[in-house]
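This report refers to the structure that appears directly beneath it.
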Protein chains: 2
Amino acid sequence: MRDEGKLPEAHEQAARFTQVREAHKTEATEDYVELIDDLIRVHGEARLVDVASRMGVTQPTASKTLARLQRDGFVNSEPYRSIFLTDQGKALATESRLRHEIVFEFLLSIGVSHETATRDSEGMEHHVSEETLKVFKKVIRQNSKPKP
Amino acid sequence: MRDEGKLPEAHEQAARFTQVREAHKTEATEDYVELIDDLIRVHGEARLVDVASRMGVTQPTASKTLARLQRDGFVNSEPYRSIFLTDQGKALATESRLRHEIVFEFLLSIGVSHETATRDSEGMEHHVSEETLKVFKKVIRQNSKPKP
DNA sequence: GTATAAACTAAGCCTTGGCTAAATTATAAG
DNA sequence: CTTATAATTTAGCCAAGGCTTAGTTTATAC
């Protein structure tokens, strides 16, 4: 239970919420580049139609989002052609995938089901700091080693 | 590393992203009612000025958000007066606080620092399913008991 | 009891990220 | 090589959640 009669300092609490909002802003970008990277690896290319269907949005929505990503330097594509990641996009995709995988493996390692780990890691990955990620990695190692 | 040459089924992946987006929509509501509940407990009342400063937003922004929460039945207030939670609002605040505390305690119990646990739990709490929450609780119990 | 300060609301603007409907371009089929 | 289909873009709408600037209301101080 929280300390009775005590609230965190206003400016500290504000800073945390502000930070969460910041993280939110990059979520879409991370999800898109991660997906595009996957599509390129597996299908050889990333088409809008696949991005849209896998993101669960309509094609115009995906199109608009991709225009933003292009504006911000994460992807590259010519009209009616498939989508490519810039170096910046690739870097973000790699970092993002790594984080995603750690969160996923961590959840599995503490006993969460495969399906739930898949679902929860999708939402959680964007809110896990470097420090927590490090702890997650340690836990994964510990829970995989114990050979008695 | 992810399975080479295999992507999850499009409709399943889409469903997960859709679900994360759904969670997003309720985040603001949860954060606000949780904070309002805290303010009422500790200060006896919740004033807009405090909500705004603790959420890290301007007063007009808080005002607009609260109007939405009122429209949706979570809070109640008359112009220029302090803010009250409806039964629905109280229920959500309680549920939300509980979830928040479990995530926070969980992070602490696996070795994350107090400060980081505070920060990360703020963002993570909205993306943790019931199943994962249950596992978190188990881990908290296990990590607090070990008396050799 | 009236001035001044603080709290709140109103109005208007912006971006993101959804949507649909309609137009355009590429691709595939005949 | 033309036509039908599929993919993509364009245009326009909406809500959420930020902001600033300006106006009201309430509370405080003298």
Side-chain angles (χ1 to χ4, degrees), chain A residues 10 14-36 39 43-84 122-123 126, chain B residues 10 14-36 39 43-84 122-123 126:
Chain A
R16 286 195 292 273
F17 281 119
T18 301
Q19 193 173 303
V20 173
R21 284 195 298 270
E22 284 305 313
H24 269 291
K25 285 198 233 165
T26 67
E27 279 190 38
T29 303
E30 291 178 8
D31 289 338
Y32 272 79
V33 296
E34 207 181 327
L35 173 57
I36 289 164
L39 285 169
H43 289 175
E45 68 172 347
R47 302 295 316 203
L48 176 70
V49 63
D50 297 316
V51 171
S53 82
R54 287 180 177 277
M55 288 301 303
V57 300
T58 60
Q59 287 179 219
T61 295
S63 184
K64 205 201 274 190
T65 302
L66 287 167
R68 195 160 8 98
L69 296 208
Q70 181 150 17
R71 180 199 68 192
D72 296 343
F74 294 101
V75 308
N76 237 293
S77 89
E78 290 175 28
Y80 296 97
R81 299 257 103 94
S82 64
I83 303 140
F84 300 94
E122 199 70 72
H126 307 287
Chain B
R16 288 195 292 272
F17 282 119
T18 301
Q19 194 173 303
V20 173
R21 284 195 299 270
E22 283 306 312
H24 270 289
K25 285 198 232 166
T26 66
E27 279 190 37
T29 303
E30 290 179 10
D31 289 339
Y32 272 78
V33 296
E34 207 180 326
L35 173 57
I36 290 164
L39 286 169
H43 290 176
E45 66 172 348
R47 303 294 315 203
L48 176 69
V49 64
D50 297 316
V51 171
S53 82
R54 287 179 176 278
M55 288 300 303
V57 298
T58 60
Q59 286 179 218
T61 295
S63 185
K64 205 201 273 192
T65 302
L66 286 167
R68 195 158 9 94
L69 297 207
Q70 181 150 16
R71 182 201 66 191
D72 295 344
F74 293 101
V75 308
N76 237 294
S77 90
E78 290 174 28
Y80 296 96
R81 300 255 98 98
S82 64
I83 302 139
F84 300 95
E122 199 69 71
H126 307 288

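Protein chains get the first letters and strands the later ones, always in sequence-line order, with residue 1 at the start of each. Reckoned from all heavy atoms, side chains included, excluding hydrogens, waters and symmetry mates. These numbers come from a predicted model, not from an experiment.
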Please determine if a side-chain N or O atom of [X] lies less than 4.0 Å away from the OP1 or OP2 oxygen of [N].
X       : N      : result
A:Arg71 : C:dT16 : yes
B:Arg47 : C:dC8  : yes
B:Thr61 : D:dC19 : yes

Problem set entry | Which atom of B:Met55 lies closest to which atom of A:Phe17, heavy atoms considered | O-CB, 3.5 Å
Could you state the [atom1]-[atom2] distance from [X] to [N], rounded to the nearest angstrom?
X       : N      : atom1 : atom2 : answer
A:Tyr80 : C:dT27 : OH    : C1'   : 13 Å
B:Leu39 : C:dA7  : CG    : P     : 14 Å
B:Tyr32 : D:dA16 : OH    : P     : 13 Å
A:His24 : C:dT16 : NE2   : C1'   : 13 Å
B:Leu66 : D:dA16 : CG    : P     : 14 Å
B:Arg21 : D:dA15 : CZ    : P     : 18 Å
B:Lys64 : D:dG18 : NZ    : P     : 10 Å
A:Arg81 : C:dT24 : CZ    : P     : 19 Å

Exercise. Under the criterion side-chain contact (heavy atoms from CB on, under 4.5 Å), which of A:Ile36, A:Thr65, A:Thr29 is the partner of A:Val75?
Worked result: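 That would be A:Ile36; it is the only one of A:Ile36, A:Thr65, A:Thr29 passing the side-chain contact (heavy atoms from CB on, under 4.5 Å) with A:Val75.
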For this session: Enter the distance from B:Leu66:CG to B:Gln59:CD here, rounded to the nearest 0.5 Å.
Result: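 If I round to the nearest 0.5 Å, the distance is 11.0 Å.
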Problem set entry | Side chain of B:Gln59 (C-beta onward), nearest among C:dA7, D:dG18, C:dA10 | C:dA7
Exercise. Are any non-hydrogen side-chain atoms of B:Leu39 and B:Leu35 less than 4.5 angstrom apart?
Worked result: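 B:Leu39 vs B:Leu35: side chains touch.
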Exercise. On DNA chain C, nearest-nucleotide positions of A:Ala28 versus A:Pro79: which is more 5'?
Worked result: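 Closest to the 5' end, via its nearest nucleotide, is A:Ala28.
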Residues 44-54 of chain A side chain polar contacts: donor-acceptor under 3.5 Å, at least two apart:
| from | atom 1 | to | atom 2 | distance (Å) |
| --- | --- | --- | --- | --- |
| A:Glu45 | OE1 | A:Ser82 | OG | 3.3 |
| A:Arg47 | NH2 | A:Tyr80 | O | 3.3 |
| A:Ser53 | OG | A:Asp50 | O | 3.4 |
| A:Arg54 | NH1 | B:Pro8 | O | 2.6 |
| A:Arg54 | NH1 | B:Gln13 | OE1 | 2.7 |
| A:Arg54 | NH2 | B:Pro8 | O | 3.3 |

Seminar exercise, completed: Of A:Glu78 and B:Pro60, the one whose nearest nucleotide on DNA chain D sits closer to the 5' end is A:Glu78
